[in-house]
Amino acid sequence: MANLAVVEGELRRARSFTEKRNRPERVLLLRAAPEWRGDPDISSDGIAATVAACPTVLSVLDAISSPREPDTFLVVLTPCDDEEIGLSVLAGAIEHAVRPINRWDLVSDDFGAKRLDPRLAKKEWRWLAESLLDAKPRETGWRKLTGPVLTLETALNRLTAIRFGGSSDEEQLDAAALLEWTLSDAALTRFSDLRQEERDGLGDWLSETIGPVARVIFRMVKSGQGPEAVPLGLAVSELQEPKLKEPDDDVESDTSPTRVRITARVRAEERFFGGQAPSATDITSFAEACESLVVRWSLGSWPQLADDVCDRAQQILRGLGADRLAGASSILDAGFDARLAALTHTISQTLPTPRGGDISAIEEAWARLGEHRRTIARATEVEAAASAVRLTRWLALPAKEPGTLRDGATAYLREHAWVDRALAQIWGADTTRVPSAGSAYGALYEAVRECRAEFDRVFAERLAAWTESSAETEGLVLAENLLERIARPLAERRPPLIIVLDGMSAAVACELAEDIVNGRRWIETGRRDDGREPAIATIPSVTQFSRASLLCGTLRAGGQSEEKTGFTSFWRGRTSVLFHKGELRGGAGTHISNSVLTAIRDASTVVGVVLNTIDDALDRGREDGLPHWRLTDIAFLNSLLEEAWRVSRPVVLTSDHGHVLDRLDDIHPASADSARHRIGTPGDGEIEVRGRRVLSGPAVTVPWDERIRYTPRKAGYHGGVSPAEMVIPILSFVPTTELMPKGWTEYSTPVHAPAWWDTPVTGAPPATSSVKSSTKKKPRKQQPTLGDFLFEEADVPAAATLGASIATSALLAAQRTFVRRAPDNEEIAKLIDGLVTAGGKLPVTAAAVLVGQPVFRMSGYVAQVAKLLNVDGYIVIAETDGGRTIELNIALLREQFLGSRL
């Protein structure tokens with residue numbers, strides 16, 4: 001029987017024959033069953049034809065004699081041979097014969113093959129020719145072969161690419177593509193419409209070439225369960241026997257995990273495989289492929305599809321009576337929920353005063369949560385859990401009382417602000433899926449706030465004493481001298497862009513700084529070689545006083561007009577301009593007003609800009625309710641930074657004061673015009689402050705307790721003397737180190753997170769090298785520490801460690817001749833041994849402690865170490881994770897320096 005593909009192929013051959021020989025014949029006689037199920041009038045590749053099914057000679061004659069359009073071909077399908085037809089009819093037919101249909105000849109023409117693989121002539125592949133003709137891409141046809149022979153493998157691979165992949169025969173079919181194919185109802189329907197022999201042939205071929213995944217899929221397709229393939233793969237993963245026997249698994253009990261698995265497997269065999277389950281090996285490979293595919297979807301552009309498939313997998317487990325097993329999954333949401341519940345329960349058990357021994361259990365639970373393969377789908381919950389772990393680490397550290405106001409401000413900026421950042425994450429955490437996490441976070445929040453309250457009280461007392469006595473400012477940046485001490489040195493090289501984010505706290509600043517430097521365009525810099533320095537707001541810490549003092553360069557009260565006048569006065573002798581919120585917005589087609597852009601592009605003008613996004617949010621609250629601030633959350637900030645970058649301007653990013661957030665506390669001891677300062681006798685959580693920096697009068701009562709407010713509830717407040725309100729963050733950025741003021745320090749990424757942010761606070765100290773330094777060690781300034789670190793110096797062991805062996809090796813000595821100012825042998829040994837103890841990876845914060853370097857110098861430090869260890873271009877040591885982790889290839893290190901991988 002001739003189908004459309006056969007007739008079209010024969011017509012193309014007939015046209016080619018007549019054109020080459022300039023023949024007029026338009027009747028094509030084909031020896032075939034006299035049946036035609038389609039439209040008798042067809043058009044293909046510009047050929048118009050009429051198809052006639054003619055079982056007898058008379059019907060052939062009748063068809064030939066029927067009228068038709070000029071140049072229209074007549075295709076006659078007849079079982080009659082040449083003798084029956086007769087010479088008179090054959091004389092007017094193409095090639096003067098009744099042509100037998102040879103499908104492989106048509107296939108050869110389509111592929112441009114000169115020869116066919118002999119295997120194609122076997123009976124088992126008889127269906128393949130017709131399938132190839134039927135599946136041929138309509139628009140382009142089959143892609144021509146690069147060689148003369150059409151092999152069996154080529155024919156089958158091209159056919160499967162079309163049947164399972166899409167419109168192109170170039171698409172390669174693999175296990176992942178076959179799994180994705182099962183998700184399309186239309187694709188499965190098209191497959192079921194194929195002839196049985198083609199379905200069986202393709203299934204056998206793919207089962208042989210792709211393997212277990214194909215064998216399982218086609219068994220499910222045969223049972224009508226094809227659409228359930230991927231979710232079933234995720235489900236059956238939980239029905240496999242665990243590698244380690246589970247505790248209290250009583251096989252005799254109907255509710256034991258083992259019995260539940262056995263029962264569920266029997267049910268799955270009947271429901272999804274028609275009682276003929278694949279082998280255990282095939283099921284295991286199939287489940288692994290499904291998990292890998294879903295993880296790829298989660299990380300790529302199909303996260304919603306991954307969620308839907310995982311939900312269906314849990315429904316399947318529930319239907320099999322095995323939903324309790326989903327809690328052990330490393331990919332299903334139930335597995336994530338169980339791990340998060342276990343982590344938060346462990347945290348709650350250690351509160352309110354976790355000890356070093358408690359932290360190891362928390363770290364294990366945290367690592368187990370991180371082993372879940374779809375954490376990206378629950379990113380906000382992971383962030384909250386990470387913050388909870390960090391806060392618990394911090395609670396386990398011994399409390400330190402600041403000795404001076406400067407100590408307290410620095411400690412807040414470098415450590416306690418990060419505590420506030422983490423607190424914001426757990427306060428706003430979404431615990432809908434795991435309600436038990438909510439109570440754990442609540443208890444943790446209260447424990448941290450109680451601990452922080454003592455620090456806040458001491459800070460306020462130091463501030464009050466300092467303010468009343470003399471308010472001496474040597475070495476301490478204040479709102480009124482910030483321009484003088486920070487902006488003016490930068491202006492000596494090039495006029496800066498000074499951006500004041502009204503109300504930006506130190507906690508918000510550390511987030512924004514990460515966003516800014518992550519692009520690796522801006523270089524952060526500062527006056528102190530041990531890290532960022534804080535500034536102190538005026539008292540009260542409100543915009544009227546603190547922002548005016550900052551922008552005028554002297555203690556002052558006032559609004560926008562006073563700020564503009566004072567800013568111009570401070571920069572007397574230089575062109576300067578200050579813009580406020582209402583002056584920034586541009587018109588049609590411009591995001592920022594032309595006056596602001598013109599000022600920034602003028603290389604002689606100092607430009608100041610005030611942005612009110614954060615301060616406005618304290619009044620009304622954020623619409624998105626998110627606990628963090630990014631560059632894109634601050635109106636105009638990113639555009640201003642981009643413009644400054646284009647014209648190579650330094651940038652000072654600072655604020656006039658910080659803020660505290662409303663946490664639904666209801667401490668309202670008095671009424672006042674301001675939310676956080678008043679006149680009167682101080683009560684619990686308050687303190688009276690006197691001195692020349694008190695700008696609201698000779699004395700003011702201000703709260704250090706973050707919970708106190710005097711006015712109706714808002715989203716947040718400022719005006720008090722808690723460090724969250726009083727400490728002003730200072731961020732300075734330059735586009736190139738040439739614009740750094742003399743004596744300033746470059747701060748490399750990662751930025752200034754405390755050690756406990758990325759590193760556990762307890763653990764065994766690493767082996768310490770017994771090597772003596774080969775060079776005279778330059779004395780270092782002692783770095784301030786803000787808590788216990790993971791690695792602390794231990795007694796020197798008698799036996800040489802790997803680090804000592806490398807440091808004293810001949811190859812390292814030879815490398816030193818090419819590297820100037822390289823770290824000494826003792827530091828190299830400490831770093832290597834610390835990395836070996838940690839399994840080859842360390843957070844930069846922990847590595848900095850090991851070698852006695854500030855964190856922000858570690859990028860350059862590691863670059864010097866790499867010059868020593870990365871011999872012949874092989875990467876032995878390097879920064880990874882965007883500069884947050886140092887990674888050591890221990891095996892390659894041994895091979896390079898000791899000639900052994902052991």
**Report entry** Donor-acceptor under 3.5 Å (Ser546 side chain, Thr538 main chain)
**Finding:** yes
Query raised in the report: Would you call Arg449-Asp665 a salt bridge at under 4.0 Å N-O?
Result: no
Query - Main-chain N/O of Trp756 paired with Thr759 side-chain donor or acceptor, under 3.5 Å - result: no
Query raised in the report: Given side chains that start at C-beta, do those of Phe455 and Pro402 come closer than 4.5 Å, heavy atoms only?
Result: yes
Report task. Check for a donor-acceptor pair, side chain of Glu686 on one end and backbone N or O of Gly683 on the other, with a separation under 3.5 Å. Result -> yes
**Report entry** Side-chain donor-acceptor contact under 3.5 Å, Thr543 with Asp502
**Finding:** yes
Requested in this report: Would you tell me whether Asp633 and His628 have side-chain atoms, one donor and one acceptor, within less than 3.5 Å of each other?
Outcome: no
Requested in this report: Rounded to the nearest 0.5 Å, what's the gap from CE on Met726 to OG on Ser541? Could you check?
Outcome: 6.0 Å
Report task. Only one of Ile708, Val702, Thr711 passes side chain to side chain contact (heavy atoms under 4.5 Å, CB included) with Arg676; say which it is. Result -> Ile708
Report summary line: For Ser595 and Phe579, the nearest pair of non-hydrogen atoms, with its separation, is O-CZ, 3.7 Å
Report task. Tell me whether the guanidinium CZ or amine NZ of Arg678 lies under 6.0 angstrom from the six-membered ring centre of Tyr710 and within 45° of its axis. Result -> yes
Report summary line: Heavy-atom nearest pair, Asp758 first then Pro843, reads O-CG, 3.6 Å
Report task. Kindly compute the distance separating CG (Leu640) from CG (Leu497), expressed to the nearest 0.5 Å. Result -> 6.0 Å
Query - side-chain contact (heavy atoms from CB on, under 4.5 Å) between Leu395 and Leu444, worked out - result: CA-CA 9 Å; Leu395 279 175; Leu444 177 60; 3.7 Å; yes
**Report entry** Leu584 side, atom CG; His591 side, atom NE2 - distance, nearest 0.5 Å
**Finding:** 9.0 Å
Query - Glu562 with Arg556: basic N within carboxylate O range, under 4.0 Å - result: no
Query - Greater than 12 external heavy atoms within 6.0 Å of Asp673's CG - result: no
**Report entry** N-O pairing of Arg693 and Glu480 below 4.0 Å
**Finding:** yes
Query raised in the report: Hey, does Leu501 have a side-chain heavy atom less than 4.5 Å from the side chain of Thr613?
Result: no
Report task. With side chain to side chain donor-acceptor pair (under 3.5 Å) as the test, would you mind laying out the steps for Arg390 and Ser387 before giving the verdict? Result -> CA-CA 5 Å; Arg390 287 162 172 161; Ser387 295; 4.7 Å; no
Query - Heavy-atom check, side chain of Pro534 versus side chain of Tyr412, under 4.5 Å - result: no
Query raised in the report: Would the His752 and Trp757 ring centres measure less than 6.0 Å apart?
Result: no
Query raised in the report: Any Lys/Arg nitrogen of Glu415 or Lys400 sitting under 4.0 Å from an Asp/Glu carboxylate oxygen of the other?
Result: no
Query raised in the report: Going by heavy atoms in the side chains, are Leu463 and Ile536 under 4.5 Å from each other?
Result: yes
Query raised in the report: Heavy-atom distance under 4.5 Å between the side chains of Phe567 and Val606, does that happen here?
Result: yes
Requested in this report: Give a yes or no answer on whether the side chain of His718 reaches the backbone of Glu725 with a donor-acceptor pair at less than 3.5 Å.
Outcome: no
Report task. Take atom CZ of Arg585 as the centre, draw a 6.0 Å sphere, and report whether it contains more than 12 heavy atoms from other residues, nucleotides or ligands. Result -> no
Query - Flag side-chain contact, heavy atom, 4.5 Å: Asp656 against Ile728 - result: no
Query raised in the report: Taking side chain as C-beta onward, heavy atoms only, is Ile634 less than 4.5 Å from Ile614?
Result: yes
**Report entry** Carboxylate-amine/guanidinium proximity below 4.0 Å for Arg457 and Glu461
**Finding:** yes
**Report entry** Closest heavy-atom pair and its distance - Ile523, Pro735
**Finding:** CD1-O, 4.3 Å
Query raised in the report: So which heavy atom on Met740 is nearest to which on Thr745, and how close?
Result: CE-C, 3.7 Å
Query raised in the report: What pair of heavy atoms forms the shortest contact from Glu583 to Leu578, and how long is it?
Result: OE1-O, 3.9 Å
Report task. Please assess Ile600 against Ile592 for the test side-chain contact (heavy atoms from CB on, under 4.5 Å), listing each intermediate value before the final yes or no. Result -> CA-CA 11 Å; Ile600 293 175; Ile592 298 179; over 6 Å; no
Query raised in the report: Looking at Asp407 and Arg462, does any basic side-chain N land under 4.0 Å from a carboxylate oxygen?
Result: no
Query raised in the report: Side chains of Ile516 and Leu653: closer than 4.5 Å at any heavy-atom pair?
Result: yes
Query raised in the report: So does Asp420 pair up with Arg452, basic N to acidic O under 4.0 Å?
Result: yes
**Report entry** With Tyr445 via ring pair (Phe, Tyr, Trp, His ring centres under 6.0 Å) - residues at least two apart
**Finding:** Trp427
Query raised in the report: Hey, does the side chain of His677 reach the backbone of Gly719 with a donor-acceptor pair shorter than 3.5 angstrom?
Result: no
Query raised in the report: What heavy-atom pair brings Val652 and Ala487 nearest, and what distance separates the two atoms?
Result: CG2-CA, 4.4 Å
**Report entry** Test item: Thr590 side-chain N/O and Ser593 main-chain N/O as donor-acceptor pair under 3.5 Å
**Finding:** no
Query raised in the report: Under 3.5 Å, side chain of Asp615 to main-chain N/O of Asn612, donor-acceptor pair present?
Result: no
Query raised in the report: Thinking salt bridges, do Glu492 and Lys742 make one under a 4.0 Å N-O criterion?
Result: no
Query - With Asp662 via salt bridge (Lys or Arg N to Asp or Glu O under 4.0 Å) - residues at least two apart - result: Arg713
Query - Neighbour count >12 (heavy atoms, 6.0 Å) for atom CD, Glu450 - result: no
**Report entry** Glu524 side chain to Tyr747 backbone, donor-acceptor under 3.5 Å
**Finding:** no
Query - Cys510 vs Arg532, side-chain contact (heavy atoms from CB on, under 4.5 Å): CA-CA, chis, key distance, verdict - result: CA-CA 10 Å; Cys510 65; Arg532 294 178 186 145; 4.2 Å; yes
Query raised in the report: Do the side chain of Ser469 and the main chain of Ala465 share a donor and acceptor less than 3.5 angstrom apart?
Result: yes
Requested in this report: State whether Glu643 and Arg601 are salt-bridged, where the test is any N-O pair (Lys NZ or Arg NE/NH1/NH2 against Asp/Glu carboxylate O) under 4.0 Å.
Outcome: yes
**Report entry** Side-chain (Lys714) to main-chain (Leu618) donor-acceptor, under 3.5 angstrom
**Finding:** no
Query raised in the report: If you round to the nearest 0.5 Å, how far is SG of Cys451 from CD of Glu446?
Result: 13.0 Å
Query - Among Val651, Ile486, Val607, Leu483, the one residue meeting side chain to side chain contact (heavy atoms under 4.5 Å, CB included) with Ile498 - result: Leu483
Report summary line: Output for pair (Arg528 CZ, Trp744 CH2), nearest 0.5 Å, gives 13.0 Å
Report summary line: For Glu688, the salt bridge (Lys or Arg N to Asp or Glu O under 4.0 Å) test, sequence neighbours excluded, returns Arg690
Report task. Decide yes or no on side-chain contact (heavy atoms from CB on, under 4.5 Å) for Phe636 and Val609, but give the supporting numbers first. Result -> CA-CA 10 Å; Phe636 303 110; Val609 175; over 6 Å; no
Query raised in the report: Would you call Arg485 and Glu533 a salt bridge, using N to O less than 4.0 angstrom?
Result: no
